[in-house]
Amino acid sequence: MRIVYVNGEYLPENEARISIFDRGFLMADGVYEVTSVLDGKLIDYDGHAVRLNRSLEALEMRNPISKDDLLEVHRELVRVNEIDEGLIYLQITRGSDGDRDFVFPDPETTVPTIVLFTQAKPGLAENPVAERGIKVISIEDIRWGRRDIKTVQLLYPSMGKMMAKKAGCDDAWMVEDGCVTEGTSNNAYIVKGNKIITRALSHDILHGITRAAVMRFAKEAQMEVEERNFTIDEAKQADEAFVTSASAFVMPVVEIDGVALGSGKPGRVAPRLREIYLDEMRRVAV
Ligand code: PMP
């Protein structure tokens, strides 16, 4: 049984409790982060810690734990749960003041709820799916306008994954005004010639931690990166495509709405970037 962390305590998962009035539960009033673990170490931990604070600030929510303590909790959970490869999920909600009300509770008297748990995922890095690539469908992006805040409001992304599954595919790319915003749980890219094209950062998409690292590595490897909108039609004519996220790293996309990209197999760029990302991030993991 897993040991999880809830509001300052390490507990067996079946003994962990939060209130039925917690605003995370009632109103999706909470933010989260997912950090991957390779070789028992945290990948790009700082990036996730910085974005966590950004999300909290955007929602005027207090961080209930210090930077040092939060790192320690991550490490302790990896240790006690003996995670070699996997994920650490972290969620902070606005907590509970013992009732349901749209108005935020007084931050002086209502402490945020903090929960962390691990997910063992052997084979996260040597993932056979990355060898064959994933198939995506396109769906309309009907999410709210602050997708840059990493909230736990994940119903539509979850529905998007189900639509993909029903269509015999792996994931969905969301489209707004004809242009791809992002995947249900990842950032989206296309490759044309030597150029990597991905949507620029704004309120429209999550500012992926993996995206930032991958774009840095791509530039260092002399690849050209263009941050601009691209349409779903342009994507279907691309040489290659891929997605990035903390749990998928760099994952080739080989088909969009039934249209095979290039040879229908992972191309040159995405597998290379995956390799560079894993090598470089493993080296600096904490
Ligand atoms: N976009 C969305 C909508 C996501 O949910 C995620 C992953 N949580 C990402 C992009 C990728 O972000 P990261 O690389 O920080 O995991």
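Heads up: numbering here begins at 1 and tracks the sequence. Ligands are counted one by one from 1 in listed order, and the atoms in each one are counted from 1 as well. For the numbers below, each heavy atom of this structure counts, side chains included, while hydrogens, waters and symmetry mates do not. Keep in mind it's a predicted model, so treat the numbers as computed, not measured.
- Contact of the Asn63 side chain with the Ile92 side chain is registered, since non-hydrogen atoms from C-beta on lie closer than 4.5 Å.
- Near Asn187, the atoms of ligand 1 lying under 4.0 angstrom from a non-hydrogen atom of the residue are 10 (C), 11 (C).
- For residues 171-186, the pairs satisfying salt bridge (charged side-chain N to carboxylate O under 4.0 Å, His left out) are Arg143-Glu182, Arg147-Glu176, Lys161-Asp171, with sequence neighbours left out.
- Considering backbone and side-chain N/O atoms, Glu182 comes within less than 3.5 Å of an N/O atom of ligand 1.
- At least one N or O atom of Arg51, backbone or side chain, sits closer than 3.5 Å to an N or O atom of ligand 1.
- Ring orientation note: the planes of His74 and Tyr45 are nearly perpendicular, at an angle over 60° on the 30°/60° scale.
- Salt bridge absent: Asp239 and Lys192 never bring a charged side-chain N and a carboxylate O closer than 4.0 Å.
- For the pair Tyr32 and ligand 1, a heavy-atom separation below 4.0 Å is found.
- Backbone and side-chain nitrogen or oxygen atoms of Thr210 are examined, and one is located within less than 3.5 angstrom of a nitrogen or oxygen of ligand 1.
- When each atom of ligand 1 is checked for a heavy atom of Thr244 under 4.0 Å away, the hits are 11 (C).
- The part of Thr184 lying near ligand 1 is the backbone, judged by heavy-atom distances below 4.0 Å.
- Between Tyr32 and Tyr89, the distance separating the two ring centers is shorter than 6.0 angstrom.
- Looking only at protein heavy atoms, the nearest one to atom 5 (O) of ligand 1 is Ser185 CA, 3.4 Å.
- Ranked by closest heavy atom to atom 9 (C) of ligand 1, the top entry among Asp148, Thr181, Asn186 is Asn186.
- Arg51 and Glu33 are joined by a salt bridge, as a carboxylate oxygen and a charged side-chain nitrogen come within less than 4.0 angstrom of each other.
- Of all protein heavy atoms, the one lying nearest to atom 12 (O) of ligand 1 is Gly208 CA, 3.5 Å.
- Considering backbone and side-chain atoms together, Lys150 places an N or O closer than 3.5 Å to an N or O of ligand 1.
- With salt bridges taken as basic N to acidic carboxylate O contacts below 4.0 Å, none links Arg62 and Glu57.
- A search for side-chain contact (heavy atoms from CB on, under 4.5 Å) contacts involving Asp170 returns Ile134, Lys135, not counting sequence neighbours.
- No heavy atom of Val34 sits closer than 4.0 Å to any atom of ligand 1.
- Residue Ala246 has at least one N or O atom closer than 3.5 Å to an N or O atom of ligand 1.
- A salt bridge links Glu234 with Arg228: the distance from a Lys NZ or Arg NE/NH1/NH2 to an Asp or Glu carboxylate oxygen falls below 4.0 Å.
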